[in-house]
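All chains are named by letter (A, B, ...) in the order of the sequence lines, taking the proteins before the strands, and each is independently numbered beginning at 1. Everything quoted here is computed from the prediction, not taken from an experiment.
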2 protein chains.
Amino acid sequence: MFQGEQPVVANQARVAQCGKPPVMPKLTPETQHARRERILDAAERSFARAGFHRCTMQEICREAGISPGALYVYFSSKEELIAGIVERDRNKLASELAELKNAPDLLSALAKLGEHYTIEEPLYKRVLCIEIGCEATRNPAVGEIYRSVDTFCRQNFAQVFERAREDGKIEPQDDSRTLAEVVSLIGDGLFWRRAVNPDLDVQAILPIIVRLVSTLLNPVEPSVQPASKAAKTEAAV
Amino acid sequence: MFQGEQPVVANQARVAQCGKPPVMPKLTPETQHARRERILDAAERSFARAGFHRCTMQEICREAGISPGALYVYFSSKEELIAGIVERDRNKLASELAELKNAPDLLSALAKLGEHYTIEEPLYKRVLCIEIGCEATRNPAVGEIYRSVDTFCRQNFAQVFERAREDGKIEPQDDSRTLAEVVSLIGDGLFWRRAVNPDLDVQAILPIIVRLVSTLLNPVEPSVQPASKAAKTEAAV
DNA sequence: TGAAACAAAACGAATGTCCGTTTTGTTTGT
DNA sequence: ACAAACAAAACGGACATTCGTTTTGTTTCA
């Protein structure tokens, strides 16, 4: 994914093929899209505050400064609004992770991402991530979006590792996809801890996390630049 | 905590000081407790299926095979039922983690715990864990229970690490509480990944996880038994 | 002892509220 | 001018909780 309006993960299962297609035309597409975004923003804040299922449509309308009638022009159900939130959020994550491929230094790029998502990102967004994952375990539409992005991200990680393997930076017996899964696990763990315990001192933890990940990534002598065909050192682990 | 009926974490914030205490029948305390447990079991299954907020009291009653009236004898609100579930579940986790102190081999004990919670434990319990964490971010009563247990667990980990430090098994510059946080992070990450992606191949991942944790724990020459006063090796990192 | 009297416990239909959605007019943009 | 966009109010269904009644079990008393 490069910048642009296409989502990273194809819109298979285009959100909710509800009987009645929302009536759509007549406002210029840009303002149309802008209003959808505006509503999504309001919904995001509201959902983060109360959770998907304790948040009322009225509350979202209030937050967005519009009436229910207006809202239903853009989203034909609460369900669809939820799916819209999830889709937008996940696609953003996916495109950010996809950037990793271009990073000159994977490790510091990862650290930076971790820092971004756990420190700079406002609290309500972090809480929403958790809510989304939770919803994905029960709501089929959400689950499908969630898992498709998740799969994409892991494949992406795996490709990065595969490339690292070619540079001899990886223990040969380690499977790339398994490593990708481990990195995802650590990332998700970081999210989760941060959401659940807002006092978490991320700054203290990150260096250790980075050190851990680096043991997966750099069995090769450091400071020696990619001598292409892996020169394994004797010092095991 | 040793075996017994006391919860690991004290019941500060005794669940829901709601205006009206449940009517509490004149049943012998044992059967009273037994029925509460029975209801909690049913609620646990129901909540896991639908989530706390989409699950109706009727559904729980159906699952428990009792009437709404009967349920309200034992729990005076849905809120209290939720808190009851959370309290029971978290205390069980806490007492299991507390066992780690007695484990002869920390690493394999951790691996075993991980395996237990991600493979043997039935799916619905795993999903419930996620739901609980999520609820903890918004519901104050639940949050209090969750965080008190969480704190307890991390302190426990930290103590274990502190002991390991005395045996020279830890990098001196690593703070025990930070290490404890990292281990919690990995554990929670494992939960989360497993709940969100039921296809996760835990068996493939665990060895790598164990290897990672072991790098925190064994910078000292392996096979050399605890020579009590840490003999630091030169090989930094 | 045995059945009448009482109490505890459970039942389940009824209640009132809340909330997603629809309907009905009015306004606005093109 | 006309349909799209909107606001406001109202609808209808669902849900947590209540409460009058029934069932079950235990005590009382003759």
Margin query: For C:dC18 and A:Arg54 - does any side-chain N or O of the residue sit under 4.0 Å from the phosphate oxygens OP1/OP2?
Written below: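 False: A:Arg54 side-chain N/O out of range (4.0 Å or more) of C:dC18 OP1/OP2.
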Check: Does B:Gln58 make a side-chain N or O approach to OP1 or OP2 of C:dG12 shorter than 4.0 Å?
Finding: no
Of all the nucleotides listed ([options]), which has the minimum atom distance to the side chain of [X]?
X       : options                : answer
A:Tyr72 : C:dG20, D:dA7, C:dC11  : C:dG20
B:Tyr74 : C:dA10, D:dT17, D:dA5  : C:dA10
A:Arg35 : C:dT22, D:dA5, C:dC19  : D:dA5
A:Ala70 : D:dT17, D:dA9, D:dA7   : D:dA7
A:Lys78 : D:dC6, D:dT17, C:dG20  : C:dG20
A:Ser77 : C:dC11, C:dC19, C:dT21 : C:dT21

Length of the [atom1]-[atom2] vector between [X] and [N], whole Å:
X       : N      : atom1 : atom2 : value
A:Phe75 : C:dG20 : CZ    : P     : 15 Å
B:Arg36 : C:dA9  : CZ    : P     : 15 Å
B:Arg38 : C:dA10 : CZ    : P     : 10 Å
B:Glu59 : D:dA16 : CD    : C1'   : 14 Å
A:Glu79 : C:dT21 : CD    : P     : 9 Å
B:Ile60 : D:dC15 : CD1   : P     : 12 Å
A:Met57 : D:dA8  : CE    : C1'   : 16 Å
B:His53 : C:dG20 : NE2   : P     : 13 Å

Considering only NZ, NE, NH1 and NH2 on the basic side and carboxylate oxygens on the acidic side, decide whether [X] and [Y] come within less than 4.0 Å.
X        : Y        : answer
A:Asp201 : A:Arg194 : no
B:Arg54  : A:Glu135 : yes
B:Asp41  : B:Arg45  : no

Next item on the list: May I ask you to decide if the ring planes of B:Tyr117 and B:Phe191 are parallel, tilted or perpendicular, using 30° and 60° as cut-offs?
Entry: perpendicular
Note to self: Counting the atoms with a prime plus P, OP1 and OP2 as sugar-phosphate, which does B:Cys55 contact under 4.0 Å by heavy atoms, base, sugar-phosphate, or nothing?
What the structure shows: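 Contact class for B:Cys55: sugar-phosphate only.
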Notebook entry, point to check: Under 3.5 Å, is there a donor-acceptor pair between the side chain of A:Thr56 and the main chain of A:Glu59?
Noted result: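 The answer is yes, because a donor-acceptor pair under 3.5 Å joins these two groups.
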Margin query: Counting distance alone, no hydrogens or angles: does the base of C:dA10 have a donor or acceptor under 3.5 Å from a partner atom on the side chain of B:Ser67?
Written below: no
